[in-house]
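Down below is the structure, laid out as C-alpha cells.
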Amino acid sequence: MSEMSKIVRTISNSLFPFIMIYGLYVIMHGHLTPGGGFQGGAVVASGCALILVAYSSGWVFKKVKESNLSILESIGAIGFISLAFLGIGVTFFYNFIAGSGLLFGEIPPVGPNSGNLNTAGLLPLMNLSVGLKVIAGLFAIVAVMAFVASRRMRKK
Amino acid sequence: MIYNIPFIVVVLLIIVGLATVVFKRNLIKIVIGITIIESGVNLFLITLGYRENSVAPIYTFAPSTKMVLPVPQALTLTSIVIGVAVMALMLSFAIRIYQHYGTLDSRKIRRLRE
Amino acid sequence: MLHTPSGYWDPLLWILALIVAILIAYIIRGFGRKDYKGGEQSKPFLSGMDIPDEKELHIRAGNIYWGFMEGLEGYYDIMKKIHTGVVNDYVAWFLGVSALLFIVILIVGVT
Amino acid sequence: MNMNWLLTHSPALLIAIPLLAAFLTPLIDRLSKRARNVLVLIVLITVEVVMIVLAWDVFTGNTHIYTMGASNPTATIPVQAAIPIRIVLEVDGLSAFMGLISATVSLAAGLYSLAFVRRETGQGRYYTLLLLMLVGMLGMEFTGDLFNLFVFLEILSIASAALIAYRFYRGDAVEGAFKYFVISSLGALMVLFAIGLLYGQYDLLNMAALAKVMKYTMLDKIALVLFIAAFAMKCGAIPMHMWVPDSYTVAPASITAMLVVASQVSLYALFRICFSLYGLTLDVTTVGIIIISLGLLSMFVGVTMALPQKDIKRLMSYHAISQTGYMLLGVGVGLYLIGKPEFSTYGVVAMEGGIFHIFNHALYKGLLFLTAGAIFYKVKTRNLNEMRGLAHSMKFTAIFFMIGAFAIAGIPPFNGFASKLLIYESVYCVSPILSIIAMLVSIITLASFVKVFHSAFMGPPMRNTKEGEVPKSMLIGMVILTVGIILFGLFPGWVVDHIVHPAAQALADQAAYIQAVIGG
C-alpha cells in the first residue's frame with residue numbers, strides 16, 4: 001500500500017486529533033455513559049487505521065514498532081488482572097475503591113444526576129487498561145495485516 | 001407483529017450466513033459468512049433486551065421511569081469483542097493459506113483428507 | 001479393588017497370577033533339552049523361496065492389514081469419500097446432524 | 001496465607017494466576033528466555049498443586065462456590081436481587097475432576113514443550129497461548145454461568161486455533177487451523193444463540209437458577225438441540241469429526257495432548273448441560289439414545305478409520321475419536337437409565353466408567369501423542385512408511401509408547417482396562433450388543449497399535465538419523481503421564497471410590513447442584 005494523495009493526507013491529519021479525543025472521552029466516561037474500554041479503544045484504533053491508510057504501512061512501521069505495541073497490549077491486560085487481584089482480600093474483582101474517597105472513590109448521589117467522573121472505584125481504572133490493550137491490539141492487527149499484504153503486492 | 005420483525009431479521013441473517021458458509025468456496029467469503037451469523041446472533045441478544053417504554057440504563061439526567069436491565073447489552077458487547085478476535089485470526093489464516101497455496105478456493109485447499 | 005455389578009477386579013491379584021504363570025512357564029521350559037543349539041528348523045520358511053537378509057527385512061506400515069482393508073474395501077471407499085477435506089462440507093455435516101437432532105427431539109417430544 | 005484462605009479463593013486463583021502469567025510471559029520473554037521458562041513452569045506447578053488441594057477438599061464432600069466481586073465469596077444472590085446476577089464459579093465433584101485432568105496434562109505438555117519447541121520462533125507467544133488454553137479449560141469447568149461458558153469456550157478455541165497454526169511456515173498447519181476455527185466458531189455461535197433462547201424466556205444466565213425453573217418448552221428443546229450438536233461437534237463425535245484428524249495431525253505434539261483435553265472439556269460441557277441444566281425435565285430416553293448412538297458411531301467408525309492410516313498422528317487422532325465414543329456410551333447409558341430403577345446399580349456404574357475413562361483417556365492419549373511428537377522430533381516425518389527400528393535409539397520412548405498402547409487397548413493391568421471393564425459390565429444392562437461392540441473396538445484398537453509399534457519401533461535401525469534419546473524435558477513430560485497411567489492401573493478401586501464416584505454423583509444429583517448455588 002503506497003502513500004495516498006495530499007488531499008487525503010491533509011484531511012486525515014486534521015481529523016485524527018478529533019477521533020483521538022472522542023475515543024479517549026469514551027474510554028474515560030465508560031462508567032457513566034454507554035461505551036468503555038473496548039469501544040473507545042476501537043475508536044482510537046480506527047483513527048490510527050486512518051493514518052495507516054493515508055500514509056502506507058511502511059511509513060507507520062518506521063514510527064511505531066510492532067513489538068512495542070505488543071508490550072503495551074500486555075501491560076493493559078496485566079493492569080486489568082492486577083486490579084482484579086487487588087480485591088482478593090475480599091473476593092476476586094471486589095471493588096474496594098468504591099465509596100472509599102480515594103481517586104474515583106466518591107459515592108454517586110442517588111437518582112438522576114449530572115454524572116460525576118470521580119465515582120465507580122475500580123471501573124474507570126479497568127476501562128483505562130482495557131482501552132490501552134484494545135488500542136494496541138487492534139492497531140497491531142490492522143497494521144500487521146496491511147504490512148503483510150503490501151509486501152505481498154510488491155513481490156508481484 | 002411489529003415487535004417480531006427483529007426476530008425475523010435474525011433468522012434471515014443466520015440463514016444467509018449459513019448458506020454463505022456452506023455454498024461459497026472462497027475463504028474470505030466463508031469468513032464473511034461467519035461474521036453475518038455473528039451479527040444475527042448479536043441482533044438476537046440485543047432484541048431480547050428491548051423493553052417498551054423504558055430508557056437506557058444511564059443515570060445522567062435520566063427521567064425517573066423504568067430502565068432496562070443492561071445484561072443483554074453487556075452480552076452483545078462481549079460477543080462483539082470476541083467476534084473481532086475471531087475475525088482477525090481467521091483473516092490472518094486466510095492470508096497465510098493464500099501465501100502457501102496460491103489460491104483461496106476451498107476445494108483446492110485440501111492437503112489433509114481421508 | 002474395583003467392584004463391578006457382577007464381580008470385582010484387582011490388578012495386584014492379577015499381577016500375582018501373572019507372576020505365577022510366568023514361573024510355571026519357566027519351570028516347564030526347564031524340562032527342555034539343554035543341548036539344543038538351533039539348526040535348520042529354527043530358520044524362517046517361505047514356500048521354499050530365498051529369504052532376504054534378516055537385517056534388511058521390515059514390513060512397512062502400508063502393507064500391514066492389507067487383507068482386512070481389501071475385505072472392507074466398499075466401506076473404506078465410502079468413508080474416505082466422505083472426508084473430502086473441503087471446509088464447506090464439514091459445516092454441511094454439522095448442519096445436517098443438527099437438523100436430524102431437531103427432527104428427532106422435537107417430533108419425539110411432541111408425541 | 002493460611003489453608004482456609006487458599007481453599008476459599010482457589011477457584012478464582014486457579015483461573016487468575018495462569019491468566020496473569022499468560023500476559024506476563026511476552027514481557028519476560030524479552031528479558032530472558034530462561035526466566036520465561038521458569039515462570040511458565042512455576043505457574044503450571046502451582047496450578048497443579050492448588051488444583052490437587054482444591055480437588056481433595058471437593059471430593060470429601062464440600063462444593064465450592066465463588067462469587068466474583070461480591071462482599072463474600074459465597075453470597076451468590078445479592079441483597080438487592082432475588083436471582084444470582086454476578087459471575088458465579090461452582091466447583092463440584094465433576095468440575096474438580098476435570099480440573100485435575102487439565103492441570104496434569106498441561107503440566108506434562110508444558111514440560112515437554114521446553115525442549116520440543118526450542119528451535120521454533122515466537123516461543124513467548126507459544127507459552128502465552130498455552131496458558132490461555134489452560135485458562136479456557138479451567139474456566140469452562142468451573143463456571144456456573146452459561147454466558148461465561150461461552151466466553152471461555154471462545155478463549156479456548158481462539159488459543160487452540162492459533163497454536164494449531166504455530167508452525168505457520170507449513171501450509172497444512174494453517175489449513176488445519178482454519179478448518180478447526182471455522183467449525184468451532186460456528187459451533188460457539190450456535191451455543192450463544194441457545195443461551196439467548198434460554199435468557200429470553202427466563203431472564204437468567206446462572207445454570208443452577210435456570211435449572212430450577214426449567215420447563216422444557218419448545219424453545220428449550222431448540223436450545224437443547226443446539227447445545228448437543230455444538231458440543232458433540234467440539235468433542236469430535238462421528239458425523240462431525242472431520243476437523244479432529246485434520247487439526248490434531250498438524251498441531252505440535254504438546255498442543256495435540258492439550259487439544260485432547262480441550263475436547264474432553266467440551267464433553268464435560270455437554271454432560272453438564274444435559275444433567276445439571278436440563279436434568280430430569282429432559283426426555284431422558286430420547287436424548288440418552290441420541291448420545292448412545294453418537295458414541296457407538298464414534299467408537300466404530302473412529303477405530304476402523306484409524307486402521308489404514310499411514311500418518312502416525314492422524315492414526316492416533318482417529319483413536320481419540322473412538323475413545324470419546326466410550327465416554328459418550330458410558331454417560332449416555334447413565335442418562336438413559338436416570339430415573340429408572342436400574343440407575344442405582346447399572347446406571348451409576350456406567351457413568352463412573354464413562355467419567356473414569358475421561359481421565360484415563362487424557363493420560364494415555366496425551367502420552368501417545370507425546371511419543372509421536374518425540375518420533376517426529378527425531379526423524380522429522382510423521383509418515384509410518386518411512387520409519388523403522390526406532391527402538392534401537394529411543395528405548396524410553398518405545399517403553400512409554402508400549403505402556404500407552406496397552407492402556408488404550410485395555411490390556412490389564414493398565415488403567416484403560418479398569419474403566420473399560422466398568423463400561424462393558426454396565427452397558428450390558430441396556431443391550432448386550434453395546435458391550436460386544438465396545439469389546440470389538442478394543443480389539444481393533446490393539447491391532448492398529450501393533451501396526452504402529454511394528455512399523456515405527458521394530459526392524460533394522462534407520463540410516464541418516466542421529467543416535468540417542470530425545471531431550472530430558474520431553475522425557476520428564478512423558479514420565480508424568482506414565483506414572484499416572486500405572487498408578488491408576490494398579491489402584492483403580494481407590495481411584496473410583498475417592499475421585500470418580502464423587503464426580504459421577506455430582507453429575508447425577510441435580511438437586512445438590514441447584515442447592516449449592518441458590519440454596520433451598
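Quick caveat: nothing in here was measured; it's all calculated off a predicted structure. Proteins get letters first, then strands, A, B, ... in listed order; numbering begins at 1 in each.
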Using heavy-atom distances under 4.5 Å, tell me whether D:Leu197 contacts chain B through its side chain, its backbone, both, or neither.
both

Report yes if some heavy atom in the side chain of D:Leu192 is under 4.5 Å from a heavy atom in the side chain of B:Leu45; otherwise report no.
yes

How are the rings of D:Phe181 and B:Phe93 set to each other: parallel, tilted or perpendicular (split at 30° and 60°)?
perpendicular

Which atoms form the tightest heavy-atom contact between D:Ala161 and B:Leu89, and what is the distance?
CB-CD2, 4.2 Å

Heavy-atom contact with chain D under 4.5 Å, split by part of B:Ile30
side chain

Treating B:His100 as the side-chain partner and D:Phe168 as the backbone partner, does any N or O pair qualify as donor plus acceptor under 3.5 Å?
yes

Which distance, rounded to the nearest 0.5 Å, do you find between the CG of B:Leu75 and the CD1 of D:Ile195?
8.5 Å

When rounded to the nearest 0.5 angstrom, what is the spacing between CD1 in B:Ile82 and CG in D:Leu153?
9.0 Å

How many angstroms lie between CZ in B:Arg96 and CZ in D:Arg170, if you round to the nearest 0.5 Å?
14.5 Å

Chain D contact via B:Leu27 - side chain, backbone, both or neither, heavy atoms under 4.5 Å:
both

Relative to chain D, which of B:Thr78, B:Val21, B:Leu69 shows the most heavy atom pairs under 4.5 Å?
B:Thr78

Is chain D contacted by the side chain of B:Val81, its backbone, both, or neither, given a heavy-atom distance below 4.5 Å?
neither

Enclosure of D:Arg167 CZ (heavy-atom neighbours >12, cutoff 6.0 Å):
yes

Nearest 0.5 Å, what's the CZ-OG distance between D:Phe178 and B:Ser92?
10.0 Å

If we only count heavy atoms from C-beta on, is the B:Met90 to D:Ser185 side-chain gap below 4.5 Å?
yes

Crowding at CD1, D:Ile87 (>12 non-hydrogen neighbours, <6.0 Å):
no

Quick check against the 3.5 Å criterion: does D:Glu175 have a side-chain atom that pairs as donor or acceptor with the backbone of B:Ile97?
no

Hey, which of B:Ile37, B:Val86, B:Asn42 is the one that makes side chain to side chain contact (heavy atoms under 4.5 Å, CB included) with D:Leu189?
B:Ile37

Is it true that B:Arg51 and D:Asp203 make a salt bridge, defined as a side-chain N closer than 4.0 Å to a carboxylate O?
yes

Chain D: which of B:Pro72, B:Ala94, B:Ser79 shares the most heavy-atom pairs with it under 4.5 Å?
B:Pro72

Where D:Ile158 and B:Ala85 come nearest, the two heavy atoms and their spacing
CD1-CB, 3.9 Å

Would you mind telling me which of D:Pro308, D:Ala173, D:Ala177, D:Ala188 has the largest number of heavy-atom pairs within less than 4.5 Å of chain B?
D:Ala177

Step by step, would you call B:Val31 with D:Val182 a side chain to side chain contact (heavy atoms under 4.5 Å, CB included)?
CA-CA 8 Å; B:Val31 178; D:Val182 166; 5.9 Å; no

